[in-house]
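Encoded as structure tokens, the structure appears first; notes follow it.
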Amino acid sequence: MNINKDVEDVVKKFKQESKPMGFCCIAPVIPAKIFGKATEVTVGNDKDENGDWPYAGTAGAIEEMGAKHVIRGPEQAYVDEKNKIVTAP
């Protein structure tokens, strides 16, 4: 997976300047890819039971990138306080 260089530069600059960032839907893979094991994000659940989690496989990809995936419900967010990253399914 490749990330657009402009997007990657902006995300890195936000982290460098300790600015909060938010990613939803499938976008939490962006900080997972850029920062790897230093990052905790969510795309919801890691299992697609009943077809409710179309991005369930993405949770495994996030883990393979070295980041930590945190299970959250469809109306919940997760805050990686250390990195000031808010993610939601």
Under 3.5 Å, is there a donor-acceptor pair between the side chain of [X] and the main chain of [Y]?
X	Y	value
Asn4	Asp6	yes
Thr42	Ala88	no
Lys84	Ser18	yes
Asn83	Ala38	yes
Glu63	His69	yes

For [X], salt bridge (Lys or Arg N to Asp or Glu O under 4.0 Å) partners two or more places apart:
X	value
Lys12	Glu8
Lys82	none
Glu64	none
Asp48	none

Quiz prompt | ILVMFWY cluster membership beyond Val79 - transitive side-chain contacts under 4.5 angstrom | solution =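 Other cluster members: Val86.
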
Practice problem: Could you identify which residues cluster with Val70, counting Ile, Leu, Val, Met, Phe, Trp and Tyr as linked when any side-chain heavy atoms lie under 4.5 Å apart, either directly or through a chain of such contacts? | Solution: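 Its cluster mates, by chain and number, are Tyr78.
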
Quiz prompt | Minimal non-hydrogen separation, Ala59 against Val43, with atom names | solution =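 Taking every non-hydrogen atom into account, N-CG2, 3.9 Å.
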
Self-check item: Steps toward side-chain contact (heavy atoms from CB on, under 4.5 Å) verdict (Thr39, Asp80)
Solution: CA-CA 7 Å; Thr39 309; Asp80 178 345; 4.0 Å; yes

Quiz item: Taking the side chain as C-beta and beyond, is there a heavy-atom pair between Pro20 and Phe14 under 4.5 Å?
Solution: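 With C-beta onward as the side chain, the pair stays apart.
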
Quiz item: Are any of the side-chain heavy atoms of Lys33 and Met1 separated by less than 4.5 Å?
Solution: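 Sidechains of Met1 and Lys33: in contact.
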
Exercise. State which residue, out of Val29, Val11, Val41, fulfils the side chain to side chain contact (heavy atoms under 4.5 Å, CB included) condition with Phe23.
Key: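 In the set Val29, Val11, Val41, the residue that makes a side chain to side chain contact (heavy atoms under 4.5 Å, CB included) with Phe23 is Val11.
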
Quiz item: Are Asp9 and Lys5 within salt-bridge range, i.e. N to O under 4.0 Å?
Solution: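 A salt bridge links Asp9 with Lys5.
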
